[in-house]
Number of protein chains: 2
Amino acid sequence: MRKPIPMRTFNRLVDILKIIEQAPDKQSFSSGDLALELGVSDILIRKDLNSIGLSGRPKIGFDRTDLVSGLEGVLGYTRQNDAILVGCGRLGRSLLDFSLLDSLGISLVAGFDLTPSKIGRLEILPLTKMPSLIKRLRIRLALLCVPEDSAQATADQLVAAGIQVIWNFTATTLHVPEHVHVHQEDLRLSAAHVLQHLHREEQ
Amino acid sequence: MRKPIPMRTFNRLVDILKIIEQAPDKQSFSSGDLALELGVSDILIRKDLNSIGLSGRPKIGFDRTDLVSGLEGVLGYTRQNDAILVGCGRLGRSLLDFSLLDSLGISLVAGFDLTPSKIGRLEILPLTKMPSLIKRLRIRLALLCVPEDSAQATADQLVAAGIQVIWNFTATTLHVPEHVHVHQEDLRLSAAHVLQHLHREEQ
DNA sequence: CTTATATCGATATATAATTATCGTTTCTGA
DNA sequence: TCAGAAACGATAATTATATATCGATATAAG
Ligand SMILES: NC(=O)c1ccc[n+]([C@@H]2O[C@H](COP(=O)([O-])OP(=O)(O)OC[C@H]3O[C@@H](n4cnc5c(N)ncnc54)[C@H](O)[C@@H]3O)[C@@H](O)[C@H]2O)c1
Ligand SMILES: NC(=O)c1ccc[n+]([C@@H]2O[C@H](COP(=O)([O-])OP(=O)(O)OC[C@H]3O[C@@H](n4cnc5c(N)ncnc54)[C@H](O)[C@@H]3O)[C@@H](O)[C@H]2O)c1
């Protein structure tokens with residue numbers, strides 16, 4: 001089995017794929033081009049790409065098709081993963097419309113809320129239906145967008161129903177068993193970066 | 001002038017402050033405690049804290065009050081920064097309610113949208129009023145939450161009105177002049193991390 | 001067909017980040 | 001009051017990450 005990808009490399013791979021998608025006309029990309037946009041050396045770009053089995057051609061660069069399929073494969077964007085959305089308020093509804101998620105391989109197949117309804121063609125179900133649906137469709141990922149004071153209790157329900165990964169959009173730190181993974185969508189770090197720039201300008 | 005803080009250290013400082021805020025009863029924190037939660041060595045924690053002028057006491061650890069004031073100072077959470085919100089749809093309204101921003105030193109003092117209205121006690125103004133308000137209140141930060149296909153045009157208006165930092169919640173990559181800084185709130189990277197964990201579980 | 005050049009990959013070097021070691025300080029309890 | 005332990009800070013060593021160098025290769029132009 002191949003060794004795990006270092007985090008820094010992983011982050012750059014995400015960035016590289018983004019650059020490629022934003023230049024739909026380019027047929028090939030040299031390590032120098034990509035390096036310039038990312039602010040690192042071309043050598044590093046080649047190392048990153050080589051490490052996931054991609055190679056380029058002298059005088060040409062890396063082929064677009066190779067890059068896209070290689071990167072999407074490694075990043076996991078190719079296969080479609082079913083997920084549920086819990087808490088369909090303002091943020092939740094915004095995410096339901098956010099087409100980027102689909103293109104990254106995440107399909108929201110059901111929504112849950114205290115008050116059931118229908119958004120577009122998607123059923124918003126009451127929470128009582130959650131456990132059975134998770135089991136029936138073998139859902140492993142949940143996006144959590146409930147109010148802060150319901151976050152832990154809802155997470156507990158998700159865990160009890162067998163969810164393995166929680167993408168947590170609330171600011172509440174969740175306590176979950178060892179085998180469950182929480183990815184925290186945290187604006188704190190972003191805010192700190194924003195403030196740095198704000199204050200940098202000041203001088 | 002003190003040298004700039006390395007990015008990795010900066011990120012850990014944000015995490016450390018979060019840990020402290022989540023343990024409101026603890027009067028002091030040892031580097032070992034913090035290290036355990038962050039998954040790094042205690043030595044590194046001490047280095048990080050020493051680097052911003054904080055020191056601990058043997059047998060006790062770092063004093064809560066020192067930590068909070070030191071960290072908040074460095075991260076810029078102490079002084080209040082006025083900001084505007086452009087695009088008051090689902091995501092935008094959610095952010096207007098998101099009290100975390102206030103506690104990080106970001107006050108949303110006005111909202112703008114195609115359709116003016118009032119949310120709580122906050123006026124949502126038409127875009128025509130934007131330039132004069134930015135100048136009058138000397139606003140330097142804008143949160144951008146408009147639809148993807150208006151993102152670049154709206155950013156152009158913000159730049160023309162003198163905004164210096166744009167916190168971009170749209171997935172669109174913005175092109176702005178050198179002196180303007182864009183902080184991209186990007187779900188791509190998060191999604192990739194989430195998918196890694198989903199697939200890790202699989203084996 | 002030959003030459004010039006852009007770009008690659010491999011190996012070596014340099015820099016940055018993290019951890020280990022060790023002696024010191026301050027509190028606790030006998 | 002003194003021994004022991006918990007935690008600290010400074011310096012040294014290690015590991016990880018990024019860059020530099022250089023020979024090789026494929027393309028394009030003449
Ligand atoms: N990370 C971010 O980017 C970010 C940004 C803004 C808000 N937030 C957070 O996201 C969360 C949602 O924000 P919002 O503005 O959409 O709130 P909202 O009040 O608009 O929506 C919350 C929804 O959850 C539903 N709900 C309440 N309790 C529930 C439960 N136990 N189970 C299922 N559904 C339940 C409500 O009916 C409502 O529809 C909040 O915790 C907020 O603090 C995060
Ligand atoms: N980064 C994230 O976490 C994230 C999550 C979800 C959505 N998004 C993106 O955020 C943006 C907003 O999403 P949403 O769900 O709130 O959309 P929305 O349609 O609910 O709201 C958009 C708002 O912008 C207003 N608007 C349109 N054109 C405008 C203009 N030129 N100037 C000012 N206001 C204008 C509309 O009147 C509307 O109120 C979208 O681009 C979406 O793709 C980002």
Side-chain angles (χ1 to χ4, degrees), chain A residues 2-16 19-20 23 25-71 74 189 192-193 196, chain B residues 2-16 19-20 23 25-71 74 189 192-193 196:
Chain A
R2 64 171 171 283
K3 72 180 68 165
I5 301 173
M7 197 203 336
R8 313 287 288 276
T9 294
F10 186 86
N11 293 353
R12 280 192 297 271
L13 294 177
V14 173
D15 290 342
I16 290 171
I19 291 171
I20 293 168
D25 299 329
K26 288 190 75 170
Q27 185 49 41
S28 62
F29 296 81
S30 76
S31 56
D33 291 351
L34 296 168
L36 206 65
E37 294 218 45
L38 264 67
V40 295
S41 73
D42 53 343
I43 302 125
L44 188 52
I45 298 290
R46 288 200 292 278
K47 272 200 162 173
D48 288 344
L49 294 175
N50 291 165
S51 80
I52 60 164
L54 291 172
S55 53
R57 294 199 310 175
K59 185 82 189 216
I60 301 290
F62 292 79
D63 181 62
R64 176 187 198 90
T65 318
D66 292 353
L67 283 171
V68 171
S69 69
L71 289 169
V74 167
L189 186 56
H193 280 123
Q196 286 303 100
Chain B
R2 65 172 171 282
K3 71 181 70 165
I5 301 172
M7 198 204 334
R8 315 285 290 273
T9 294
F10 185 86
N11 293 354
R12 279 191 299 270
L13 295 177
V14 173
D15 290 343
I16 291 171
I19 291 172
I20 294 168
D25 299 330
K26 286 190 76 171
Q27 184 50 39
S28 63
F29 295 80
S30 76
S31 56
D33 292 350
L34 296 168
L36 207 64
E37 294 218 47
L38 264 66
V40 295
S41 72
D42 52 344
I43 303 124
L44 187 52
I45 298 291
R46 287 200 293 278
K47 273 201 161 173
D48 289 344
L49 294 175
N50 291 165
S51 79
I52 60 165
L54 292 171
S55 53
R57 294 200 312 177
K59 186 82 189 221
I60 301 290
F62 292 79
D63 181 62
R64 176 185 199 92
T65 317
D66 293 352
L67 283 171
V68 170
S69 69
L71 289 169
V74 168
L189 187 57
H193 281 123
Q196 284 304 99

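Naming: A, B, ... by sequence-line order, numbering from 1 per chain.
Applying the salt bridge (Lys or Arg N to Asp or Glu O under 4.0 Å) test to pairs two or more places apart or on separate chains, none has a residue in residues 58-70 of chain A.
In this entry the distance linking CE of Met7(B) with C1' of dT15(C) reads 15 Å, nearest Å. A straight line from CD of Gln27(B) to C1' of dC27(C) spans 16 Å, rounded to a whole angstrom. Following rounding to the nearest Å, Leu38(A) (CG) and dT17(D) (P) show an atom-to-atom distance of 17 Å. If you measure from atom CZ of Phe10(B) to atom P of dA17(C), you get 15 Å, rounded to the nearest angstrom. As rounded to whole Å, 16 Å separates atom C1' of dA16(D) from atom CD1 of Ile5(A).
Atom CG of Leu54(A) is separated from atom CD1 of Ile16(A) by 9.0 Å, given to the nearest 0.5 angstrom.
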Check: Going 5' to 3' along nucleotides 18-30 of chain D, which nucleotides have protein heavy atoms under 4.0 Å from the base (write B), which only from the sugar-phosphate (write S), and which from neither (write -)?
Finding: BBB----BBB---
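Remark: Lys26(B) engages Asp33(B) in a salt bridge (charged side-chain N to carboxylate O under 4.0 Å, His left out) (not counting sequence neighbours). Evaluation of the salt bridge (charged side-chain N to carboxylate O under 4.0 Å, His left out) rule for Asp42(B) yields Arg46(B) as partners, not counting sequence neighbours. With sequence neighbours left out, Thr9(B) forms a side-chain contact (heavy atoms from CB on, under 4.5 Å) with Ile5(B), Pro6(B), Arg12(B), Leu13(B), Asp48(B), Ser51(B). Taking Asp15(B) as the reference, Leu38(B) meet the side-chain contact (heavy atoms from CB on, under 4.5 Å) condition, with sequence neighbours excluded. In this view, Phe29(A) satisfies the ring-ring contact (aromatic ring centres under 6.0 Å, His included) rule with no residue, not counting sequence neighbours.
Direction change of the helix axis from one end of the helix from dC1(C)-dG30(D) to dA30(C)-dT1(D) to the other is 20°, with five pairs defining each end axis (rounded to 10°).
When side chains are defined from C-beta on, Gln27(A) does not count as touching Ile60(A), because their heavy atoms never get closer than 4.5 Å.
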